[in-house]
Amino acid sequence: TVSRVINGSAAVKGDTKKKVEEAINKLGYRPNAIAQGLALSRTTTVGLIIPAMSISFSGRLINGLCDVDKIYDYSVYLHTITEGVTDIKEIIDEVIKSRVDGVIIYADKDLDESVKLLEEYNIPMVVMGNKVSSDSICSVYIDYENAVKELCDTYLNKGIKDIGILQDHRNDNISNALLQGARKAFKEHKLEYNGFVHVSKDNRSTYKFLRSYFKTHKHQLFITDRDSQALAAYNAATENGIKIPEDMDLICMNESKYTSSIRPEISAFISPTYDLGAVSMRLMTKMLKDEEVEEKEKSLEILYQARQTTKE
């Protein structure tokens, strides 16, 4: 009877249910999650897979995820993956063998080749940081494409057409989203976008590349993905006599503690990393409880914060 009341069974009603609930409150009883999981053939544990190099970035993301898992009485099993060293299939196999109820993967890079592999697993799965189109996988991602489209549209409406976007080989997925967003904005203005700054994969120093690039190039707006690229762009441009923001605006697509702590403060987009984790975990709980999922592909907007490297 006590077990039925704890698990919300409709079989126990009236005075009996009330007496059991009063006894539970009086004794301060809390059910053992492991025992409940065994009884229900569930572990109430969700596996979280994150690239090792993203751990420092992922702090707020994990906080958001864990805050939601506490609400729904789940725990998280964290596993890291090293690009080029650890095979994602091996990691997922290992996580699933630990008897988790579902798997959340943080993947900010292109997963096109892995989607079919992920679909083979008969387990609830959510991908964070990347849009995945699949009937069996949910995804939560930051809409960089729309963000840069709106940014370019704002500048184009002012008559500013020379917009450079620096390629980032550390994240080709975001670079491609930025390029597609710019192309859409320019197309709506009946223009062709050709300001994408290609960088060789063999390049080892963004600063050295830009120091050479800015000797012969100058844009009205220059966009980078990461903070280190923005810092390199500022230094390289300044050393070539390009004043920021008087001659060229500079915007970073991903806010960090450095973009706001250095001088001049760099205008940047603030990514909703906490929400990325929280929304992903909420989607997972819906999948585990067989609740309706209205959007399998959930996009999150990012907020632009103008600072000292833009004129407005």
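Remember, predicted model here, so these are calculated numbers, not experimental data.
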*Can Gln167 and Phe196 be said to form a side chain to side chain contact (heavy atoms under 4.5 Å, CB included), step by step?*
CA-CA 7 Å; Gln167 185 176 21; Phe196 193 67; 3.7 Å; yes
Would a single hydrophobic cluster contain both [Y] and [X], if residues Ile, Leu, Val, Met, Phe, Trp and Tyr are joined by side-chain heavy-atom contacts under 4.5 Å?
{"X": "Ile262", "Y": "Phe269", "answer": "no"}
{"X": "Leu166", "Y": "Ile223", "answer": "no"}
{"X": "Leu250", "Y": "Val197", "answer": "yes"}
{"X": "Val126", "Y": "Ile62", "answer": "yes"}
{"X": "Leu300", "Y": "Ile50", "answer": "yes"}

Within the 4.5 Å heavy-atom criterion, are [X] and [Y] side-chain neighbours or not?
{"X": "Asp225", "Y": "Asn171", "answer": "yes"}
{"X": "Tyr258", "Y": "Ser228", "answer": "no"}
{"X": "Val132", "Y": "Glu297", "answer": "no"}
{"X": "Asn254", "Y": "Ile174", "answer": "yes"}
{"X": "Ser260", "Y": "Glu255", "answer": "yes"}
{"X": "Ile251", "Y": "Thr309", "answer": "no"}
{"X": "Leu61", "Y": "Tyr274", "answer": "no"}
{"X": "Lys218", "Y": "Asp247", "answer": "yes"}

Is the backbone of [Y] close enough, under 3.5 Å, to the side chain of [X] for a donor and an acceptor to pair up by distance?
{"X": "Thr154", "Y": "Glu150", "result": "yes"}
{"X": "Thr238", "Y": "Tyr234", "result": "yes"}
{"X": "Ser75", "Y": "Thr45", "result": "no"}
{"X": "Asp168", "Y": "Arg170", "result": "yes"}
{"X": "Gln220", "Y": "Asp162", "result": "yes"}
{"X": "Ser139", "Y": "Lys131", "result": "no"}
{"X": "Tyr193", "Y": "Gly195", "result": "yes"}
{"X": "Asn203", "Y": "Val199", "result": "no"}

Between [atom1] on residue [X] and [atom2] on residue [Y], distance to nearest 0.5 Å:
{"X": "Gln229", "Y": "Ile266", "atom1": "CD", "atom2": "CD1", "answer": "11.0 Å"}
{"X": "Met125", "Y": "Ile123", "atom1": "CE", "atom2": "CD1", "answer": "6.5 Å"}
{"X": "Ile104", "Y": "Leu78", "atom1": "CD1", "atom2": "CG", "answer": "11.5 Å"}
{"X": "Ile105", "Y": "His79", "atom1": "CD1", "atom2": "NE2", "answer": "12.5 Å"}
{"X": "Tyr304", "Y": "Met253", "atom1": "OH", "atom2": "CE", "answer": "10.0 Å"}
{"X": "Ile163", "Y": "Cys152", "atom1": "CD1", "atom2": "SG", "answer": "4.0 Å"}

Minimum heavy-atom distance between [X] and [Y], given as atom pair plus value:
{"X": "Lys289", "Y": "Tyr72", "value": "CE-CD2, 4.0 Å"}
{"X": "Thr44", "Y": "Asp101", "value": "N-OD2, 2.7 Å"}
{"X": "Ala232", "Y": "Leu210", "value": "C-CD1, 4.1 Å"}
{"X": "Met248", "Y": "Ala237", "value": "CE-CB, 3.9 Å"}
{"X": "Val103", "Y": "Val100", "value": "CG2-CG2, 4.1 Å"}
{"X": "Ser271", "Y": "Ile302", "value": "CA-CG2, 3.7 Å"}

For [X], does the [atom1] atom sit with more than 12 other heavy atoms under 6.0 Å from it, leaving out its own atoms?
{"X": "Lys161", "atom1": "NZ", "value": "no"}
{"X": "Glu192", "atom1": "CD", "value": "no"}
{"X": "Lys311", "atom1": "NZ", "value": "yes"}
{"X": "Lys257", "atom1": "NZ", "value": "no"}

Should the pair [X]-[Y] be classified as a salt bridge under the 4.0 Å nitrogen-to-oxygen rule?
{"X": "Glu294", "Y": "Lys286", "result": "yes"}
{"X": "Lys149", "Y": "Glu188", "result": "yes"}
{"X": "Arg307", "Y": "Glu265", "result": "yes"}

Exercise: do [X] and [Y] side chains pair donor with acceptor under 3.5 Å:
{"X": "Tyr207", "Y": "Glu239", "result": "yes"}
{"X": "Ser256", "Y": "Asp227", "result": "yes"}
{"X": "Asn173", "Y": "Tyr144", "result": "no"}
{"X": "Asp153", "Y": "His189", "result": "yes"}

_Partner of Met281 by side-chain contact (heavy atoms from CB on, under 4.5 Å), out of Asp69, Asp67, Val140_ = Asp69
*Indicate, with yes or no, if the rings of His219 and Phe222 have centres closer together than 6.0 Å.*
yes
*List the steps, then state whether salt bridge (charged side-chain N to carboxylate O under 4.0 Å, His left out) holds for Lys184 with Glu145.*
CA-CA 9 Å; Lys184 286 184 178 181; Glu145 182 176 314; 2.5 Å; yes
*How far apart are the C-alpha atoms of Ile49 and Tyr106, what are their side-chain angles, what is the distance that settles it, and do they pass the side chain to side chain contact (heavy atoms under 4.5 Å, CB included) test?*
CA-CA 6 Å; Ile49 301 174; Tyr106 177 64; over 6 Å; no
*Do the ring planes of Tyr213 and Phe209 sit parallel (below 30°), tilted (30 to 60°) or perpendicular (above 60°)?*
parallel
*Yes or no on side chain to side chain contact (heavy atoms under 4.5 Å, CB included) for Cys138 and Val127, after CA distance, side-chain angles and deciding distance?*
CA-CA 6 Å; Cys138 289; Val127 173; over 6 Å; no
